[in-house]
A.B. asks: 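Starting off with a structure, shown below.
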Amino acid sequence: MKTTHDDTTFTLTGEIWSATYPLEELPKWLRFYRARKARFPKAKGAYDPTVAALEGLAKELGIELSPSPPTD
């Protein structure tokens, strides 16, 4: 998973898809993918690259985020 950004948007690019969102939605999308990861453990890490890419982008941009939810 790859992330790129400009002054107002970020783009997630996977192997066969990409999507662009406003930067202010970064926390929302990270919460969404963290929730998918927690809710669907049988996905065996399918969401890990997306979560890692979004966390890396947030860190790069200095955006404070809430911690990941616990996984049981």
Side-chain angles (χ1 to χ4, degrees):
M1 184 64 55
K2 178 182 171 185
T3 58
T4 56
H5 69 89
D6 61 24
D7 292 340
T8 60
T9 63
F10 71 95
T11 301
L12 279 170
T13 304
E15 288 185 35
I16 59 172
W17 63 274
S18 69
T20 301
Y21 308 99
L23 276 175
E24 63 264 12
E25 290 186 7
L26 177 59
K28 176 184 97 169
W29 285 106
L30 183 53
R31 282 191 307 272
F32 173 82
Y33 283 108
R34 284 175 172 170
R36 298 291 97 187
K37 181 179 172 180
R39 186 170 178 193
F40 301 108
K42 289 183 181 181
K44 304 278 187 215
Y47 297 106
D48 291 346
T50 306
V51 170
L54 292 173
E55 288 174 343
L57 179 60
K59 183 177 180 180
E60 176 185 335
L61 297 174
I63 297 173
E64 291 290 323
L65 302 168
S66 59
S68 296
T71 56
D72 294 330

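Heavy-atom basis, side chains included; hydrogens, waters and symmetry copies ignored.
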A.B. asks: So how far is it from Leu12 CG to Met1 CE, rounded to the nearest 0.5 Å?
C.D. replies: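 With rounding to 0.5 Å, CG (Leu12) is 6.0 Å from CE (Met1).
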A.B. asks: For the pair Leu30 and Val51, evaluate side-chain contact (heavy atoms from CB on, under 4.5 Å) and give the outcome as yes or no after the intermediate values.
C.D. replies: CA-CA 6 Å; Leu30 183 53; Val51 170; 4.0 Å; yes
A.B. asks: Could you give all pairs that pass the salt bridge (charged side-chain N to carboxylate O under 4.0 Å, His left out) test and reach residues 6-15, with sequence neighbours left out?
C.D. replies: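 Residue pairs with at least one partner in residues 6-15: there are none.
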A.B. asks: Can you name the residues that form a side chain to side chain donor-acceptor pair (under 3.5 Å) with Ser18, not counting sequence neighbours?
C.D. replies: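 With sequence neighbours excluded, Ser18 shows a side chain to side chain donor-acceptor pair (under 3.5 Å) to no residue whatsoever.
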A.B. asks: So which pairs with a foot in residues 30-59 pass ring-ring contact (aromatic ring centres under 6.0 Å, His included), sequence neighbours left out?
C.D. replies: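 For residues 30-59, and leaving out neighbouring residues, the ring-ring contact (aromatic ring centres under 6.0 Å, His included) pairs sorted by first residue read Trp29-Phe32.
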A.B. asks: Could I get the full list of side chain to side chain contact (heavy atoms under 4.5 Å, CB included) partners for Lys59, not counting sequence neighbours?
C.D. replies: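 Partners of Lys59 by the side chain to side chain contact (heavy atoms under 4.5 Å, CB included) criterion come out as none, since no residue qualifies.
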A.B. asks: Taking all non-hydrogen atoms of both residues, which atom of Ala19 and which atom of Tyr21 are closest, and how far apart?
C.D. replies: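 For Ala19 versus Tyr21, the nearest heavy atoms are CB-OH, 3.2 Å.
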A.B. asks: Decide if atom CZ of Arg36 counts as having more than 12 heavy atoms of other residues, nucleotides or ligands within a radius under 6.0 Å.
C.D. replies: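 Yes, because the 6.0 Å sphere around CZ of Arg36 holds more than 12 heavy atoms from other groups.
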A.B. asks: NE2 of His5 to CG of Leu61: how many Å apart, nearest 0.5 Å?
C.D. replies: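 Here the interatomic distance stands at 4.5 Å.
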A.B. asks: To the closest 0.5 Å, what do you measure between CG (Leu54) and CZ (Arg31)?
C.D. replies: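 Nearest 0.5 Å value for the CG-CZ distance: 11.5 Å.
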A.B. asks: In this structure, are over 12 heavy atoms from other groups packed under 6.0 Å from Glu24 atom CD?
C.D. replies: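 More than 12 heavy atoms, drawn from other residues, nucleotides or ligands, come within 6.0 Å of this atom.
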A.B. asks: On a heavy-atom basis, which atom in Ala38 and which in Pro41 lie closest, and how many Å separate them?
C.D. replies: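 That would be O-CD, 3.7 Å.
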A.B. asks: List in chain and number order the residues that pass salt bridge (charged side-chain N to carboxylate O under 4.0 Å, His left out) with Lys28, two or more places apart in sequence or in another chain; answer none if no residue qualifies.
C.D. replies: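 Testing Lys28 for salt bridge (charged side-chain N to carboxylate O under 4.0 Å, His left out), a comparison that skips the adjacent residues, returns Glu25.
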A.B. asks: My understanding is that only residues two or more places apart in sequence, or in another chain, count here; which of them pass side chain to side chain donor-acceptor pair (under 3.5 Å) with Thr4?
C.D. replies: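 Testing Thr4 for side chain to side chain donor-acceptor pair (under 3.5 Å), a comparison that skips the adjacent residues, returns none.
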